[in-house]
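Here is the naming used below: chain letters follow the sequence lines, and residue numbers restart at 1 for every chain.
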2 protein chains.
Amino acid sequence: MDNRGNRTGQADGLKMLHPFTGLPEPLLAELEAICTRRSYAHGQVIAEEMEHLTFVGFIAKGMLRMQKLQADGRLSIVGLMVEGDMFGRVFNGPLHFSIAATGEAEVYTFPRDAFETLTTEWPELERLVMLSILNELDAAREWMLILTNYRVTERLAGFLMLLCRRWGNVANLARIDDSRLSLTIPLSRADLAHFLATRPESLSRAFHALADDGLIVLRTPYDIEIQDLSALMDLAGSEDLFMPSHFMDLVSRLS
Amino acid sequence: MDNRGNRTGQADGLKMLHPFTGLPEPLLAELEAICTRRSYAHGQVIAEEMEHLTFVGFIAKGMLRMQKLQADGRLSIVGLMVEGDMFGRVFNGPLHFSIAATGEAEVYTFPRDAFETLTTEWPELERLVMLSILNELDAAREWMLILTNYRVTERLAGFLMLLCRRWGNVANLARIDDSRLSLTIPLSRADLAHFLATRPESLSRAFHALADDGLIVLRTPYDIEIQDLSALMDLAGSEDLFMPSHFMDLVSRLS
DNA sequence: CGCAGGCATTGACGCACGTCAAGGCATCCT
DNA sequence: AGGATGCCTTGACGTGCGTCAATGCCTGCG
């Protein structure tokens, strides 16, 4: 991997990253000793499909996506990962998807064999890895639920709710401006279209359909304001999914 | 859970179940001591959505599905689990989906707290759990890839390939009859339609479209014969996914 | 300053599929 | 045996969206 990504320093701030808080000091010291911080530019590929990755990583800043180039040339995005998420493959097999940066991203990487050794020695670390994977699994299932909606507007509404629910507190993507709920879309229309199993044109129409119906306001293509949260939840069809506290905080502050 | 499922005995055969082979004898003895074997009838619910499950389970026979009843009344199936798969939720939180049997099913269950204690004491068991979750994650991602195909025929082709690839060696679902590759569809059309994010009518048309084009033969609704494997793989659009050895065996025996 | 490239948007058109409705064919029960 | 039930299948119709094409806007570069 030394030919990819820019080495930007050692493990500055590793212990501040959410999953690592609370680990015992000696383990943190061992982790920091084998950790490298790297940065990637927009679109840069971190790992290729079917590669036997020699490292595992945790995202420090920005967003990565898992994707696959289909035989017919279509690009499918099967996962988005944000700050604190783990990527790579522990313990078995090659990657089935490639990993690329969406926007600027910074990651902590660990050599895979050394990380696995630590994992075997420290139950706390193995538990951390397991919780990371469970978290990914939850994300994948939420995702599939969104994909099972027939109409593009419904899938888009589902994505907007996912943004609030799962990633709202990351990089301030969901926030209250002037007592309005504002969202930053962290993807281009083309990428988001791949994510929602549709095309940019249909996605654009879906955005403007929601705007015409008064559910959202498009300030810029990447900056929207939510006008009717409950209508969006109805459209998404999964308003009863688990709502984390930071999201409930946002909602309760909407007067 | 004592009011659901039929207790059919203790842990007969637990050690024969794929994920448990190779565990140390003392651990197996402890597992067997807290294990109950239960059977469920078609459609029977094993756990409700949002329930705090008090047990974890492994499938001994048959197939379970994870599903969610949407606000608009639609049922979405987000996962199918087969022999050897783990279900339930280790270490954190309530279920986000309900679990039901698809056809007859038998499972081994363990009280969750006792199982987690064993997990903490035996690294081998924690590793087993982790591999189970990684396996589920792989399945979820393959699934999403299938769902991102626009046309129902493509998604169906993807499912048939998934059946070969991931579940072919389970319950003999994929096999060679008379030098023909035969598949057993382990789901009703309605269930499969929910799984493929479509409706039974469209699914029926997709089956017959594949038959009209000579890719498959419908012997019965649940028993099909594959005539043109490579065309199906092309349609599915993911022919380069990892192919396990049992599937390659099947293919190589097609002369 | 003007041109080029990338991205979002809008329009037109045709098709795949969701929807409603009816019919066929099993199994099961009385 | 006859009716009922449940599932698969087929038909007809309308529409959401994939597709192709053109336009507008922004950024950056010569």
Side-chain angles (χ1 to χ4, degrees), chain A residues 41-44 70 72-77 102-104 146-159 183-213 216-224 235 237, chain B residues 41-44 70 72-77 102-104 146-159 183-213 216-224 235 237:
Chain A
H42 172 76
Q44 200 172 356
Q70 303 278 41
D72 57 10
R74 278 202 348 265
L75 183 73
S76 291
I77 297 184
T102 295
E104 300 280 311
I146 291 175
L147 282 181
T148 59
N149 281 315
Y150 297 140
R151 269 161 293 207
V152 174
T153 47
E154 293 170 350
R155 298 205 291 278
L156 174 56
F159 172 77
L183 289 186
T184 300
I185 312 287
L187 294 164
S188 72
R189 289 288 187 272
D191 281 346
L192 186 53
H194 287 135
F195 198 59
L196 295 179
T198 184
R199 306 255 127 201
E201 299 93 324
S202 299
L203 185 57
S204 177
R205 282 185 251 266
F207 267 109
H208 288 273
L210 292 182
D212 290 347
D213 291 348
I216 63 175
V217 171
L218 283 161
R219 288 202 280 247
T220 77
Y222 296 92
D223 180 22
I224 72 170
L235 256 188
Chain B
H42 172 75
Q44 201 174 355
Q70 303 279 42
D72 58 9
R74 277 201 349 265
L75 183 74
S76 290
I77 296 184
T102 295
E104 300 279 311
I146 292 175
L147 282 181
T148 59
N149 281 316
Y150 297 141
R151 268 160 296 211
V152 174
T153 48
E154 292 171 350
R155 298 205 292 277
L156 174 55
F159 172 77
L183 290 185
T184 300
I185 312 288
L187 294 164
S188 71
R189 290 288 187 272
D191 282 345
L192 185 53
H194 288 133
F195 198 58
L196 295 178
T198 183
R199 305 256 126 200
E201 299 93 324
S202 299
L203 185 56
S204 177
R205 281 186 252 265
F207 266 109
H208 289 273
L210 292 182
D212 289 346
D213 291 349
I216 62 175
V217 171
L218 284 162
R219 288 203 280 248
T220 77
Y222 296 93
D223 181 22
I224 72 169
L235 256 189

What is the distance, to the nearest angstrom, from the [atom1] atom on [X] to the [atom2] atom on [N]?
X	N	atom1	atom2	value
A:Leu156	D:dG16	CG	C1'	15 Å
B:Asp212	D:dT9	CG	P	12 Å
B:Leu218	D:dC7	CG	P	19 Å
B:His42	D:dT5	NE2	P	18 Å
A:His208	D:dG24	NE2	C1'	12 Å
A:Leu203	D:dG18	CG	C1'	13 Å
B:Phe207	C:dA16	CZ	C1'	18 Å
B:Arg219	C:dA26	CZ	P	18 Å

Within the 4.5 Å heavy-atom criterion, are B:Leu235 and B:Leu210 side-chain neighbours or not?
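Side chain of B:Leu235 against side chain of B:Leu210, heavy atoms only: contact under 4.5 Å found.
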Is the closest side-chain heavy-atom distance between A:Leu192 and A:Ile77 below 4.5 Å?
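When only atoms from C-beta onward are counted, A:Ile77 and A:Leu192 do not touch, as no gap falls below 4.5 Å.
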Closest-nucleotide ordering on DNA chain C, the 5'-leading residue of A:Tyr150 and A:Thr220
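Looking at the nearest nucleotide for each, A:Thr220 comes out on the 5' side.
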Which residue lies toward the 5' end of DNA chain C, A:Arg151 or A:Ser202, if each is placed at its nearest nucleotide?
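Looking at DNA chain C, the more 5' nearest nucleotide goes with A:Ser202.
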Mind checking B:Tyr222 for me? I need base, sugar-phosphate or nothing, with any heavy atom below 4.0 Å counting as a touch.
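If one applies the 4.0 Å heavy-atom cut-off, B:Tyr222 turns out to touch the sugar-phosphate alone, with no base involved.
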Name the closest nucleotide to the B:Arg199 side chain, picking from D:dG18, C:dA8, C:dG18.
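When the side chain of B:Arg199 is considered, C:dG18 is the closest of D:dG18, C:dA8, C:dG18.
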Tell me which nucleotide among C:dG18, C:dT10, D:dC8 gets nearest to the side chain of A:Glu201.
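For the A:Glu201 side chain, the nearest candidate turns out to be C:dT10.
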Between the base of D:dT19 and the side chain of A:Arg205, is there a donor-acceptor distance below 3.5 Å?
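By the distance-only test, yes, there is a pair.
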Do B:Arg189 side-chain and D:dT10 base share a donor-acceptor contact under 3.5 Å?
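No pair found.
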Backbone of A:Pro186 reached by a side-chain donor or acceptor of A:Thr184 within 3.5 Å:
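No, because the side chain of A:Thr184 does not come within donor-acceptor range (under 3.5 Å) of the backbone of A:Pro186.
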More than 12 foreign heavy atoms under 6.0 Å from CZ of A:Arg151: is that the case here?
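Incorrect, the count does not exceed 12.
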Which of these, A:Asn149, A:Thr148, A:Leu147, sits in a side chain to side chain contact (heavy atoms under 4.5 Å, CB included) with B:Ser76?
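Among A:Asn149, A:Thr148, A:Leu147, the one meeting side chain to side chain contact (heavy atoms under 4.5 Å, CB included) with B:Ser76 is A:Thr148.
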